[in-house]
Engineer: 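One structure coming up, written as structure tokens, with questions to follow.
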Number of protein chains: 2
Amino acid sequence: MTRTPGVGDATREAILRLAADQASVDGLEGLSIGQLATALGMSKSGLFAHFGSKELLQLATIEHARRRYVHAVLVPALQAPRGIERLNALCDSFLSYVERAVFPGGCFFAAAMAEYGGKEPGPVRDLIAECQHQWTSTLQRAATEARTARQLKASCAPDQLAFEVEAALLSANWYFHLRSDTSYLDRGRRAIRSRLDADATPTGRLLLHSLAHPLRRA
Amino acid sequence: MTRTPGVGDATREAILRLAADQASVDGLEGLSIGQLATALGMSKSGLFAHFGSKELLQLATIEHARRRYVHAVLVPALQAPRGIERLNALCDSFLSYVERAVFPGGCFFAAAMAEYGGKEPGPVRDLIAECQHQWTSTLQRAATEARTARQLKASCAPDQLAFEVEAALLSANWYFHLRSDTSYLDRGRRAIRSRLDADATPTGRLLLHSLAHPLRRA
DNA sequence: CCTACCGATCGGTAGG
DNA sequence: CCTACCGATCGGTAGG
């Protein structure tokens with residue numbers, strides 16, 4: 001019988017949950033097997049045996065964080081109808097995930113991207129880059145669908161739009177945590193709303209404005 | 001005689017230069033006194049004696065990086081006339097600094113902001129936050145001056161504009177390094193150009209378009 | 001600036 | 001899952 005990952009292994013899940021929380025604050029490189037073991041009341045070698053190496057622990061932690069991200073950000077947002085509404089929902093969902101502190105140190109993947117951006121390639125960096133690419137693709141796909149549905153102008157470039165939207169999301173995350181000030185999340189909402197408005201057709205603008213207002217006064 | 005910092009102390013400067021380069025890749029927390037000493041061909045305790053503690057080394061490294069940043073980004077950009085031209089020059093200068101790899105791991109302060117964003121306050125985090133604030137203020141001041149000179153519309157909010165411009169700069173930095181792809185710097189340039197255009201008056205737009213074109217085809 | 005050393009912690013292993 | 005241990009490295013100190 002091969003082991004089915006994630007099923008019937010509460011200890012492993014508890015380790016990964018704590019590791020992901022910890023990594024969002026101190027980085028994946030800053031993870032310490034000894035510290036995790038102490039915090040969970042188990043021996044270092046007992047914890048180590050679950051993974052086999054620090055790098056494998058890091059990779060498992062990333063996969064765990066990915067599952068949490070999908071659950072916290074993607075699943076709720078994908079309930080919105082395709083197009084500009086979904087694109088807007090993805091952004092709202094991300095900012096809510098930051099505000100709710102799903103990870104205590106801010107967005108896990110933003111932190112990991114910053115940590116590994118300047119490093120040489122390797123399994124950990126590659127997996128982080130793949131997760132990041134998947135999220136960007138999701139934003140880009142929503143933009144493309146919005147353009148196809150004539151909610152965004154034909155002149156709108158979905159890849160450039162995704163870049164700019166992502167930039168506002170990431171910056172909102174950094175500043176919110178560096179300054180402990182929720183007003184930066186509003187700045188992010190405002191930036192995204194006006195950016196979508198700029199490229200929206202009248203149809204798209206109508207849909208956008210029918211949504212719950214992201215700000216008291218937009 | 002008190003010691004005049006930065007004068008007649010080539011060893012200290014060499015240490016800080018390497019430390020800042022190193023920190024842009026592995027983080028300020030990842031600095032190792034032993035590794036720095038070995039790389040510079042000196043003893044660990046000899047290097048240590050220059051600073052007195054790891055935290056003081058980190059603080060000195062940040063101040064050194066600040067001087068390099070001022071020299072590489074601010075000084076050239078502040079030669080542009082006040083207003084929208086200077087705001088644009090600050091952005092160009094930043095993206096050029098990223099592209100020239102003034103720090104090997106990307107923007108030192110972007111990396112430090114990401115590293116300390118989720119951590120508890122302390123001298124290192126506070127100094128990083130102050131550096132970040134100073135840069136944001138510089139962008140905001142340029143935007144305010146552009147508005148006063150009627151190069152930006154009266155409806156333009158300089159703090160929001162600074163946030164959005166900074167977001168594009170930071171994201172260009174992350175993606176450029178994560179994917180080793182200069183086209184993300186062009187995405188940043190494009191984002192900033194269209195953002196400034198959107199809030200510019202006809203006067204401001206004229207000035208902006210008279211500048212060297214940031215892209216082959218904008 | 002150096003050698004020599006401190007206690008603590010690191011990732012990882014042996015053996016059960 | 002455990003105890004007991006490995007060599008390497010950490011920040012920092014003593015003494016010169």
Side-chain angles (χ1 to χ4, degrees), chain A residues 1-20 22-23 25-62 112 115-116 119-120 122-125 127, chain B residues 1-20 22-23 25-62 112 115-116 119-120 122-125 127:
Chain A
M1 291 273 276
T2 26
R3 224 136 124 291
T4 312
V7 171
D9 203 337
T11 302
R12 193 185 147 100
E13 268 304 293
I15 295 168
L16 292 177
R17 171 161 294 273
L18 183 61
Q22 188 60 4
V25 177
D26 291 324
L28 278 159
E29 221 62 46
L31 279 179
S32 152
I33 293 169
Q35 277 176 28
L36 288 172
T38 302
L40 289 161
M42 62 189 294
S43 72
K44 214 175 64 169
S45 66
L47 191 149
F48 183 86
H50 278 277
F51 305 99
S53 78
K54 183 174 175 177
E55 186 174 279
L56 289 168
L57 165 65
Q58 290 171 324
L59 293 169
T61 300
I62 295 167
E115 185 179 5
Y116 285 92
K119 297 208 169 116
E120 292 85 43
V124 176
R125 186 191 147 129
L127 183 54
Chain B
M1 292 270 277
T2 26
R3 219 135 129 294
T4 311
V7 172
D9 204 338
T11 302
R12 192 184 148 100
E13 268 306 292
I15 294 168
L16 292 177
R17 171 161 293 273
L18 182 62
Q22 186 63 5
V25 177
D26 291 323
L28 279 159
E29 220 63 45
L31 278 179
S32 153
I33 293 169
Q35 276 174 30
L36 288 173
T38 302
L40 290 163
M42 62 190 294
S43 73
K44 214 175 68 170
S45 66
L47 192 149
F48 183 87
H50 279 276
F51 306 99
S53 77
K54 181 173 177 178
E55 186 174 280
L56 289 170
L57 165 63
Q58 291 171 325
L59 294 169
T61 300
I62 295 167
E115 184 179 4
Y116 285 92
K119 298 207 167 116
E120 291 87 44
V124 176
R125 184 191 149 129
L127 183 54

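Letters A, B, ... mirror the listed sequences (proteins, then strands); counts begin at 1.
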Engineer: Specify the closest pair of heavy atoms between B:L18 and B:A39, including all atoms of both residues, with the distance to one decimal.
Structural biologist: CD2-CB, 3.8 Å
Engineer: As an exercise, state the distance from OG of A:S32 to CG of A:L47, rounded to the nearest 0.5 Å.
Structural biologist: 9.5 Å
Engineer: Could you pull out the closest heavy-atom pair between A:G27 and A:E115, with the gap in Å?
Structural biologist: CA-OE1, 3.2 Å
Engineer: What about B:K54: does its side chain form a donor-acceptor pair under 3.5 Å with the base of D:dG12?
Structural biologist: no
Engineer: Less than 4.5 Å apart, any side-chain heavy atom of A:L57 and any of A:L16?
Structural biologist: yes
Engineer: How long is the gap from CD on A:E55 to CD on A:E29, to the nearest 0.5 Å?
Structural biologist: 9.0 Å
Engineer: Which of residues 29-40 of chain B have a heavy atom under 4.0 Å from DNA chain C?
Structural biologist: none
Engineer: Atom CG of A:L56 and atom C1' of C:dG12: how far apart are they, to the nearest Å?
Structural biologist: 13 Å
Engineer: For the pair made of CD in B:E55 and P in D:dC10, what is the distance, rounded to whole Å?
Structural biologist: 19 Å
Engineer: Dot-bracket for DNA chain D, please. Rules: Watson-Crick or G-U, both distances under 3.5 Å, ( ) within the strand, [ ] when a pair crosses earlier ones, | for another strand, . otherwise.
Structural biologist: ||||||||||||||||
Engineer: Could you work out which one of D:dC1, C:dG11, C:dT3 sits closest to the side chain of A:M42?
Structural biologist: D:dC1
Engineer: Can you name the one residue among B:T61, B:L28, B:L31 that meets side chain to side chain contact (heavy atoms under 4.5 Å, CB included) with B:Q22?
Structural biologist: B:L31
Engineer: Among C:dA4, D:dT3, C:dT13, which is the nearest nucleotide to the side chain of B:S45?
Structural biologist: C:dA4
Engineer: Round to a whole Å and report the spacing from CZ of B:F48 to P of D:dG12.
Structural biologist: 5 Å
Engineer: Between C:dC10 atom C1' and A:L47 atom CG, what is the distance in whole Å?
Structural biologist: 14 Å
Engineer: To the nearest angstrom, how far is B:Q22 atom CD from D:dC10 atom P?
Structural biologist: 11 Å
Engineer: Are any of the side-chain heavy atoms of B:F51 and B:I33 separated by less than 4.5 Å?
Structural biologist: no
Engineer: Can you tell me which nucleotide in C:dA4, D:dC10, C:dC1 comes closest to the side chain of B:K44?
Structural biologist: D:dC10
Engineer: Does the side chain of B:D26 come within less than 4.5 Å of A:K119's, by heavy atoms?
Structural biologist: yes
Engineer: Return yes if some donor-acceptor pair links the side-chain N/O of B:Q58 with the main-chain N/O of B:V124 below 3.5 Å, else return no.
Structural biologist: no
